[in-house]
Amino acid sequence: MIFSAILSILSSLIMMVVVLSCFKQVLVDNNDKLFIKFLAYLFTVDIALWFLMPATLRLFSNGQYEKELGIFPYEISFVYFVEMISTIIFFIVISVFMSRGRFRISFHPKHLLNFISFQGDRVSLYQSKVLFFSSLGCFIVLIDGNFFGIISPFIPAIIAESANKFFLAFFVSYIFLSDISKFKFYFSLLILFFMVLLDGIKGSHGSIVWPMIVLYFLVKTVKKFKSVNFAIALVVLMLAIFYKPLHDLREYEYSLSEKLSPLERILLIASPSNIPVDTSQIQSGLIDDIEWRFGENTRMSVGYLRMYERGFEGGLIPIENTLHILPRSVVPDKPAPASIDGKITGMGMYLMHKEMRGTTNNMSGMSPGMHDYWLGGWTGVLLGAVIVGAWYSLILSVLLRLSGLALPIIIAINDTWWQMTKIWSTEAIIISTNTIPLILLWLVIGLFAAFLSKQFLNVIKQLIILALNPSIIRKINKDSG
């Protein structure tokens, strides 16, 4: 296992070098430096946390958790090797398309651009208003159906939960990209930390770690306040102290028929001895827990290798089931996306757990390259990396054209699977269906903000002109070129 761990570390380091080399080239050919730097940061952190760190910890523990599951060293090495090859191809494709501007979008009517795009890393007073109105939606979290025991009759919990991440992303952009006063900055930041902790007390460590990763980048690159760094460090320290109670609370709440209120969660976290836990489980230390949690993605991805080797490959069915983009309210019999049998337990992330642990009651992140390997072997890895890399380049190019929207969108769409920034084949389609509504939402918010200003008539006039005379678009593009 030691030799396997060393090979895994080398594979992780190669992936990080590929990421940084790719975005270094992309950075030269694109104007939105902040967005490109954030992407480079995101991919690098992803590899460091979910590949490099567990490989390093396996080196010192001699693969304790792999031995428990009967995983052979060559299987872990294979997972890392496949992911390394997939990553190299993926970023070569991105580098080719993004560096040479193959997908460069040149459509930019002046007035329409005023509220869907920012110029540079800062925003104007008008654009700040747009962000402010959108950020008001983040208060949905305060009435998510069960706030301190009070049931909200106004907003269904499922709507609040899905909308909250998008508004929070806008709120983060408002705090860091707007030229607001120090009082507004710290007051807004206080609200943001409150919302993060309110979500974090549900027991999900990722709900705390992911926002801190985003905030750390923005503090280091945009608004360099040491006090914010101190606050981030304090939150991470609190997470380390209450790591076990949060985990036990989440396990306990799964066994309940009704969800606990935030106040009940806080009281239980403050008194961990009151949380019923399974005493039959072996208690481990923080470092061992970290190795288990962050190593689970690559550990469970061995299931893809074993399924493929015994002839149970995914093929094209998971991709076909993902193409049903209409909502389930319109198509009640819509199959679960990325599923091999139309059921949610037929998704690869459930099947790999069944292969490794014998149950579909759990899921985790995974190696995107291994998911594509399960779909079609090395052909699946090659085609998946090329097609998804080209599709991801298209998405990034559109977001770069909507410069101010790029950062909150990429934050929002990575909120769920932030540990797998390099998306896999079926997720590429799902992310696209999530991005389009966000852009439409931004346009609606922009129109509302414009309605409150004198620019509303100019925006409507611009839209009418474009609708009646498409040749104007060609003229605008020609003049701008």
Side-chain angles (χ1 to χ4, degrees), residues 1-26 39-59 63 66 71-98 291 294-309 313-314 348-349 352 364-393 417-425 427-428:
M1 184 59 74
I2 294 178
F3 182 67
S4 172
I6 293 174
L7 290 179
S8 300
I9 291 172
L10 291 175
S11 298
S12 302
L13 293 174
I14 291 173
M15 286 190 281
M16 294 175 74
V17 170
V18 169
V19 168
L20 295 175
S21 300
C22 168
F23 283 111
K24 181 179 179 181
Q25 180 60 41
V26 173
L39 284 174
Y41 167 78
L42 203 58
F43 277 103
T44 305
V45 169
D46 166 58
I47 295 171
L49 290 179
W50 300 97
F51 289 93
L52 180 60
M53 185 169 69
T56 304
L57 293 176
R58 287 185 189 115
L59 181 63
E66 287 67 34
I71 296 175
F72 296 104
Y74 83 87
E75 292 178 310
I76 285 290
S77 300
F78 187 81
V79 169
Y80 273 83
F81 180 72
V82 169
E83 186 60 33
M84 181 186 69
I85 298 299
S86 175
T87 298
I88 291 173
I89 298 172
F90 179 80
F91 282 103
I92 286 177
V93 173
I94 288 181
S95 181
V96 169
F97 281 109
M98 297 295 292
E291 179 187 352
F294 285 91
E296 189 73 349
N297 289 10
T298 48
R299 195 179 303 118
M300 290 298 101
S301 294
V302 172
Y304 286 131
L305 171 63
R306 293 184 177 181
M307 285 190 290
Y308 183 81
E309 286 184 338
E313 59 181 285
M349 59 192 68
M352 68 179 188
S364 68
M366 59 188 172
S367 159
M370 283 305 300
H371 180 272
D372 292 338
Y373 182 84
W374 171 61
L375 294 182
W378 283 110
T379 302
V381 173
L382 174 61
L383 293 179
V386 171
I387 295 173
V388 175
W391 186 241
Y392 199 73
S393 299
W417 290 116
W418 61 273
Q419 71 271 44
M420 291 181 293
T421 308
K422 186 176 82 64
I423 56 178
W424 60 104
S425 51
E427 188 70 7

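Residues in residues 1-13 take part in no salt bridge (Lys or Arg N to Asp or Glu O under 4.0 Å) pair, two or more places apart or across chains. The list of side chain to side chain donor-acceptor pair (under 3.5 Å) pairs with a residue in residues 6-23, not counting sequence neighbours, is empty. For residues 77-91, every residue pair satisfying the salt bridge (Lys or Arg N to Asp or Glu O under 4.0 Å) rule, not counting sequence neighbours, is listed here: Glu83-Lys422. Listed by first then second residue, pairs satisfying salt bridge (Lys or Arg N to Asp or Glu O under 4.0 Å) with a partner in residues 375-385 number zero, not counting sequence neighbours.
Here the side chains of Met352 and His371 are not in contact, with every heavy-atom distance at 4.5 Å or above. Inter-residue side-chain proximity for Trp378 and Ile85 is flagged as met; some heavy-atom pair is nearer than 4.5 Å. Counting heavy atoms from C-beta on, the side chains of Ile71 and Ile76 come closer than 4.5 Å. By the 4.5 Å heavy-atom criterion applied to side chains, Met15 and Asp46 are not counted as neighbours.
Going from atom CG of Leu375 over to atom CG of Leu383 covers 10.5 Å, rounded to the nearest 0.5 Å. Between the OG1 atom in Thr379 and the CG atom in Asp372 there is a gap of 11.5 Å [rounded to 0.5 Å].
Closest heavy-atom contact between Ala55 and Ala5: O-CB, 3.6 Å. Minimum heavy-atom separation, Ala385 to Ser86: CB-O, 3.7 Å. Closest approach of Val19 and Ala40 over heavy atoms only: CG1-O, 4.0 Å. The minimum heavy-atom distance between Met370 and Ser301, with the atom names listed, is CE-O, 3.8 Å. For Pro54 against Tyr80, the heavy-atom pair with the smallest separation is CG-OH, 3.9 Å. Contact detail for Ile94 and Ser393: the closest heavy-atom pair is CA-OG, 3.4 Å.
Scored by the side-chain hydrogen bond (donor to acceptor under 3.5 Å, both in side chains) test, Thr298 finds Arg58 as partners (sequence neighbours excluded). Among residues two or more places apart in sequence or in another chain, the side-chain hydrogen bond (donor to acceptor under 3.5 Å, both in side chains) test is passed with Thr44 by none. By the side chain to side chain contact (heavy atoms under 4.5 Å, CB included) test, Tyr308 is found to be paired with Glu313, Tyr373, residues two or more places apart in sequence or in another chain being considered. In terms of the side-chain hydrogen bond (donor to acceptor under 3.5 Å, both in side chains) criterion, residue partners of Ser77 (sequence neighbours excluded) are, by chain and number, Ser4. Qualifying side chain to side chain contact (heavy atoms under 4.5 Å, CB included) partners for Phe3, counting only residues two or more places apart in sequence or in other chains: Leu7. Considering only residues two or more places apart in sequence or on other chains, Arg299 meets the salt bridge (charged side-chain N to carboxylate O under 4.0 Å, His left out) condition with Glu66, Glu296. Residues forming a ring-ring contact (aromatic ring centres under 6.0 Å, His included) with Phe91 (at least two apart in sequence, or on another chain): Phe23, Phe43. For Val386, the side chain to side chain contact (heavy atoms under 4.5 Å, CB included) partners are Ile89, Val93, Leu382, not counting sequence neighbours.
Tyr304 places no side-chain N or O within donor-acceptor distance of the main-chain N or O of Val79, the cut-off being under 3.5 Å. Using modelled atom types, one side-chain atom of Thr56 and one backbone atom of Leu52 make a donor-acceptor pair closer than 3.5 Å.
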